[in-house]
Engineer: 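Below: one structure in structure tokens.
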Amino acid sequence: QVQLVESGGGSVQAGGSLRLSCVASTYTSNSGCISWFRQATGKEREGVATISPSGGGRSYYARSVEGRFTISQDIAKKTIYLQLTSLKPEDTAMYYCASSRMSCAVAGLGAVSYNNWGQGTQVTVSS
């Protein structure tokens with residue numbers, strides 16, 4: 001069981017930036033896929049970005065955030081980051097990191113593929 005703890009959320013104006021962090025209890029270059037998800041009030045959970053620790057940090061983004069969000073990792077610190085830029089009000093949501101036993105090629109952005117979840121960190125973007 002991997003414990004995940006997110007931080008870094010907050011309230012910003014549209015166009016602003018935030019950096020979210022996810023600290024994992026265990027995280028190595030052999031770990032399975034790590035992803036960020038978000039869930040806005042009244043909406044389904046949405047996959048945002050994946051990173052493959054076993055794939056040299058190869059990443060993949062949902063179309064809604066590509067070009068604005070950047071996922072990265074620091075294996076030595078067991079930390080996965082999500083840099084949010086050019087934020088929009090529609091980015092307002094609770095953001096979660098999640099880990100899978102599977103590779104990113106298999107897990108993708110489907111929530112059902114992830115078995116460990118953090119408690120979430122709230123991002124609120126005002127217009």
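None of the values given here were measured: they were computed from a predicted structure. In what follows, every heavy atom counts, from backbone to side chain, and hydrogens, waters and symmetry copies are set aside.
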Engineer: Could you give me the CA-CA distance, side-chain angles and deciding distance for Leu4 and Tyr96, then say whether side-chain contact (heavy atoms from CB on, under 4.5 Å) is met?
Structural biologist: CA-CA 9 Å; Leu4 302 166; Tyr96 301 89; over 6 Å; no
Engineer: Do Arg38's NZ or CZ and the ring of Tyr95 fall within the cation-pi criteria of under 6.0 Å and 45°?
Structural biologist: no
Engineer: Is any side-chain heavy atom of Asn115 closer than 4.5 Å to a side-chain heavy atom of Arg101?
Structural biologist: yes
Engineer: Rounded to the nearest 0.5 Å, how far does CD1 of Ile51 lie from OG of Ser72?
Structural biologist: 6.0 Å
Engineer: What class does the angle between the rings of Tyr114 and Phe37 fall in, given that below 30° is parallel, 30 to 60° is tilted and above 60° is perpendicular?
Structural biologist: perpendicular
Engineer: Roughly how far, to the nearest 0.5 Å, is CD1 of Ile80 from CG of Leu20?
Structural biologist: 12.0 Å
Engineer: Other hydrophobic cluster members with Tyr60, side-chain heavy atoms of Ile/Leu/Val/Met/Phe/Trp/Tyr under 4.5 Å, chained?
Structural biologist: Leu109
Engineer: So, does Arg68 use its side chain to make a donor-acceptor pair with the main chain of Ser64 at under 3.5 Å?
Structural biologist: yes
Engineer: Do we see a donor-acceptor contact under 3.5 Å between the side chains of Gln1 and Asn116?
Structural biologist: yes
Engineer: Any chance you could measure Ile34, atom CD1, to Ser54, atom OG, to the nearest 0.5 Å?
Structural biologist: 11.0 Å
Engineer: List the steps and the verdict of side-chain contact (heavy atoms from CB on, under 4.5 Å) for Thr92 and Gln122.
Structural biologist: CA-CA 8 Å; Thr92 294; Gln122 178 69 37; 4.0 Å; yes
Engineer: Begin from the C-alpha positions of Leu18 and Val123 and carry the test side-chain contact (heavy atoms from CB on, under 4.5 Å) through to its verdict.
Structural biologist: CA-CA 9 Å; Leu18 285 170; Val123 172; 3.9 Å; yes
Engineer: How close do Gln39 and Lys43 get, heavy atom to heavy atom, and via which atoms?
Structural biologist: NE2-O, 3.1 Å
Engineer: Taking Ser113 for its side chain and Ala111 for its backbone only, find out whether a donor-acceptor pair lies under 3.5 Å.
Structural biologist: no
Engineer: Look only at the side chain of Ser31 and the backbone of Pro53, and say whether a donor-acceptor pair between them is shorter than 3.5 Å.
Structural biologist: no
Engineer: Any donor and acceptor pair, going by atom type alone, linking the side chain of Thr124 with main-chain N or O of Ser11 inside 3.5 Å?
Structural biologist: no
Engineer: Return the SG to CE distance between Cys33 and Met102, rounded to the nearest 0.5 Å.
Structural biologist: 9.0 Å
Engineer: Working to the nearest 0.5 angstrom, can you tell me the gap between Cys22 SG and Tyr81 OH?
Structural biologist: 10.5 Å
Engineer: Distance-only, no hydrogens or angles: does the Gln119 side chain make a donor-acceptor pair with backbone N or O of Val5 under 3.5 Å?
Structural biologist: no
Engineer: Hey, does the side chain of Glu6 reach the backbone of Gly120 with a donor-acceptor pair shorter than 3.5 angstrom?
Structural biologist: yes
Engineer: Return the minimal non-hydrogen interatomic distance between Ser86 and Ser17, and the atom names on each side.
Structural biologist: N-OG, 4.4 Å
Engineer: Checking side-chain contact (heavy atoms from CB on, under 4.5 Å) for the pair Ile75/Tyr27: CA distance, chi angles, key distance, verdict?
Structural biologist: CA-CA 6 Å; Ile75 292 178; Tyr27 191 65; 3.8 Å; yes
Engineer: Tell me whether Tyr61 contacts the main-chain N or O of Ile71 through its side chain, where contact means a donor paired with an acceptor under 3.5 Å.
Structural biologist: yes
Engineer: Show the nearest heavy-atom pair for residues Ser35 and Thr50, with the distance to one decimal.
Structural biologist: OG-CG2, 2.9 Å
Engineer: Say you draw a straight line from CZ of Arg19 to CG of Leu82; how long is it, rounded to the nearest 0.5 Å?
Structural biologist: 10.5 Å
Engineer: Quick one: closest heavy-atom pair of Ser21 and Trp36, and the distance?
Structural biologist: O-CH2, 3.7 Å
Engineer: Where do Val2 and Ala24 come nearest, in terms of heavy atoms and distance?
Structural biologist: CG1-CB, 4.2 Å
